[in-house]
Amino acid sequence: MALIRNQLFDILAEAVKPLFPSDEQDGSLESLIELDVPKQTQHGDYATNLALALSRRLKRNPREIAKQIEQQIKDPNNVIERIEIAGPGFMNFFIRPGAWTEVIAEIFQQSEAYGRQDLGQGKKVQVEFVSANPTGPLHIGHGRGAATGDVLARIFAACGYDVEREYYINDAGKQMDTLGRSLYYRYQELLGERIEFPEDHYRGEYMRDVAREFLKEAGERYHNAPLDDVLPVFTKYAGDHILAGIREDLEVFGVGFDIWFSERTLHEQDAIRKTLEALEASGHVYEGEGAKWFRSTQFGDEKDRVVVRANGISTYFAADLAYHKNKFDRGYDLVVDIWGADHHGYVPRMLAGVEALGRKRSDLQVILVQLVNLLRAGKPVAMSTRSGEFVTLREVIDEVGADAARYIFLTRRTDSHLDFDLDVAKMQSNDNPVYYVQYAHARLCSIFEVAKERGVSVDLSVAAPPELGLLQLPEERHLVKMLGELPWVVASSAQFLEPHRIPYYLHDLVSLFHSYYNRNRILGEEAELTRARLYLAHALRTVLQNALRLIGVKAPEKM
RNA sequence: GCGCCUGUAGCUCAGUUGGAUAGAGCAACGGACUUCUAAUCCGUAGGUCGCAGGUUCGAGUCCUGCCGGGCGCGCCA
């Protein structure tokens with residue numbers, strides 16, 4: 001049996017059809033159906049503005065339309081107790097109390113799979129995120145991107161998409177040479193040379209660490225070696241070493257990737273030249289002023305973009321065109337790029353590139369994650385990779401914990417700016433919203449522990465005991481209703497690419513539980529009621545675990 | 001100058017894509033532990049949703065203008 005929300009949706013989808021001639025009865029009708037959980041209980045368990053939405057199209061009074069839809073409603077499972085048509089034409093649905101217990105049975109049966117669904121039907125999705133240059137450690141902004149991409153990938157997977165996570169390594173280009181030289185200079189310094197370290201090189205303390213490591217491994221054999229001869233050695237060492245550190249930090253943060261894609265491989269396979277040739281053949285690349293240009297204005301960009309400079313060297317953007325061609329050639333139906341918002345000016349040309357490569361613009365979704373303001377006691381902390389004056393992601397995680405950091409990143413929309421105050425995050429560590437959620441889980445686990453100690457039979461082997469009807473308190477119905485919303489929350493997170501919906505859902509759900517817990521006893525005098533409530537508790541625990549897993553936060557059994 | 005993001009309670013942020021009486025956490029104040037975890041709960045207080053117009057049955061949400069904050073605007077990556 002389907003969840004109440006889904007049943008209502010299907011019922012409405014059927015009931016609305018007769019209002020239209022048969023040639024208009026397509027999927028567009030279903031997309032109009034929205035089921036709202038009203039804030040006011042007097043407005044029912046679910047409400048829809050369907051009649052209001054249709055009134056313009058049908059040019060009729062919305063209340064009349066609502067009445068007509070109501071007459072068409074068939075409710076074979078008898079989930080609807082009554083329907084009220086209210087205000088200008090809202091339809092408010094009151095669910096038969098007994099129907100809610102189906103939700104618990106559903107959760108019980110699906111268990112770990114509850115919340116998963118098959119919206120994606122196996123479509124291939126790639127989420128590319130972090131992709132920080134391997135020239136320095138990850139900072140807090142990368143952390144936000146990492147959390148966002150990681151959770152989005154988890155959400156897509158839960159929605160039945162075939163997801164791959166990818167990290168694009170910018171290991172070509174001149175910043176790598178700069179990195180190699182930075183290591184070279186620090187290395188020579190360690191060997192006692194006096195070096196005037198260039199302003200525009202990587203001055204961070206971490207480069208000294210890399211140099212010490214390098215010295216340990218390579219010894220002194222590069223002492224005063226001519227820079228040009230040995231630069232590749234230094235570049236490779238520094239790049240590999242820093243990338244290894246990045247991988248380690250991400251691992252600590254609970255973020256993993258399926259593919260680490262090296263930009264260098266594009267050059268090695270001549271992919272950039274091939275891509276440009278193809279684009280030239282299709283008329284999207286032309287020559288002018290000694291350079292080669294991509295005609296991005298044809299697809300709405302404000303000006304055309306250079307892909308090969310007058311000196312014959314291709315631009316970063318050219319590599320990115322080849323990279324995205326490579327992505328689509330790998331067969332992804334949808335590619336999601338997660339970028340720092342400071343790259344937003346780059347979006348129009350990339351979308352233009354996607355179209356020039358023969359794909360739909362919507363096949364690439366770019367999520368811009370707004371920058372993070374790192375604060376300490378309300379004061380901004382300077383962040384600059386070159387100067388080396390910054391707090392690394394690793395330091396933040398060590399200071400406030402991975403779960404708390406994740407939660408702070410995830411409880412805002414990606415397009416809103418984020419103030420991350422280390423002192424606040426630490427100071428509030430006991431009142432941190434993440435602990436509020438985790439605590440609920442620990443409490444639930446504790447209930448089952450105590451039940452076991454007291455010898456209360458917790459036979460959860462049967463999907464849905466008949467006594468669930470004993471759950472008659474309004475709070476219990478409210479809880480169950482909310483439990484039933486998880487799949488919808490997950491689906492909408494995927495649809496709108498908004499991971500923040502999950503933590504907000506968790507918070508609301510857990511708030512209901514804490515309140516319920518303080519007012520009522522799960523393990524009470526009456527055996528049957530206790531049993532019913534244990535089933536509710538079990539369902540709740542399942543939902544918490546599943547939702548926490550989606551955001552990559554631990555569900556501790558004890559706190 | 002142009003473009004993107006943003007402005008909601010003292011602070012940090014939600015607000016189901018246009019719905020009914022705008023919410024949460026922190027901070028403040030007052031209560032609740034002999035009970036399944038008080039990292040919890042209950043209550044009080046806190047708002048001209050930046051400002052001004054417009055669109056319509058209905059606007060925090062959409063359109064225009066203005067004001068403020070952030071970011072970007074290279075044959076750099």
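For clarity, every value in this text was computed on a predicted model and none was experimentally measured. A, B, ... follow the sequence lines: proteins, then strands. Residue 1 opens every chain.
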For [X], report the nucleic acid contact type (base, sugar-phosphate, nothing); a contact means any heavy atom under 4.0 Å.
X: Gln370(A); result: sugar-phosphate
X: Arg521(A); result: base
X: Glu498(A); result: base
X: Lys292(A); result: nothing
X: Ala341(A); result: sugar-phosphate
X: Ile522(A); result: base
X: Val37(A); result: base
X: Phe317(A); result: nothing
X: Leu444(A); result: nothing
X: Asp320(A); result: nothing
X: Asn49(A); result: base
X: Glu557(A); result: base
X: Ser511(A); result: nothing

Think [X] has a side-chain N or O under 4.0 angstrom from the OP1 or OP2 of [N]?
X: Arg533(A); N: C36(B); value: no
X: Ser416(A); N: A14(B); value: yes
X: Arg309(A); N: C76(B); value: yes
X: Arg454(A); N: C36(B); value: yes
X: Lys39(A); N: A20(B); value: yes
X: Ser515(A); N: C42(B); value: yes
X: Tyr316(A); N: A77(B); value: no

Taking atom types as they are modelled, is there a donor-acceptor pair under 3.5 Å from the base of [N] to the side chain of [X]?
X: Gln42(A); N: U21(B); result: yes
X: His507(A); N: G25(B); result: no
X: His343(A); N: G72(B); result: no
X: His514(A); N: C41(B); result: no

Toward the 5' end of RNA chain B, by each residue's nearest nucleotide, Asn92(A) or Ser55(A) | Asn92(A)
Would you mind telling me which residue lines up with the more 5' stretch of RNA chain B, Gly290(A) or Arg5(A), judged by nearest nucleotide?
-> Arg5(A)
Pair assignment for A28(B), Watson-Crick or G-U wobble, requiring both distances under 3.5 Å | U44(B)
Across every strand shown, the nucleotide meeting Watson-Crick or G-U wobble geometry with C49(B) (both distances under 3.5 Å) is none
Interatomic distance where [atom1] belongs to [X] and [atom2] belongs to [N] [whole Å]:
X: Tyr505(A); N: A24(B); atom1: OH; atom2: P; result: 19 Å
X: Asp403(A); N: A39(B); atom1: CG; atom2: P; result: 18 Å
X: Asp177(A); N: A77(B); atom1: CG; atom2: P; result: 12 Å
X: Leu509(A); N: G23(B); atom1: CG; atom2: P; result: 20 Å
X: Met350(A); N: C73(B); atom1: CE; atom2: C1'; result: 18 Å
X: Asp36(A); N: U61(B); atom1: CG; atom2: C1'; result: 14 Å
X: Ile272(A); N: A77(B); atom1: CD1; atom2: P; result: 11 Å
X: Lys59(A); N: C57(B); atom1: NZ; atom2: P; result: 13 Å

Between A22(B) and G15(B), how far apart are the C1' atoms? Round to whole Å, please.
-> 8 Å
Expressed as a whole number of Å, how far does the C1' atom of C63(B) sit from that of G18(B)?
-> 13 Å
Does Phe448(A) have Arg541(A) sitting over its ring (NZ/CZ under 6.0 Å from centre, angle to axis within 45°)?
-> yes
In terms of base orientation, is C67(B) syn or anti, with the syn window spanning 90° either side of 0?
-> anti
Do Thr542(A) side-chain atoms and His538(A) backbone N/O form a donor-acceptor pair below 3.5 Å?
-> yes
Student check: side-chain heavy atoms of His267(A) and Ile272(A) closer than 4.5 Å = yes
Any side-chain heavy atom of Val103(A) within less than 4.5 Å of one from Leu3(A)?
-> yes
Taking Arg376(A) as the fixed residue, which of Asp423(A), Asp421(A), Asp419(A) is the one that meets the salt bridge (Lys or Arg N to Asp or Glu O under 4.0 Å) rule?
-> Asp423(A)
Glu525(A), CD atom: more than 12 neighbouring heavy atoms under 6.0 Å = no
Can His43(A) be called stacked on A20(B) when the rule is centres closer than 5.5 Å and an angle between planes below 30°?
-> yes
Please answer whether A39(B) and Tyr436(A) are stacked, defined here as ring centres separated by less than 5.5 Å and planes angled under 30°.
-> no
Looking at Lys67(A) and Glu70(A), does any basic side-chain N land under 4.0 Å from a carboxylate oxygen?
-> no
Charged N to carboxylate O under 4.0 angstrom, Asp337(A) versus Lys327(A)?
-> yes
Could you check Tyr323(A), Tyr167(A), Phe129(A) and say which one makes a ring pair (Phe, Tyr, Trp, His ring centres under 6.0 Å) with Phe261(A)?
-> Tyr323(A)
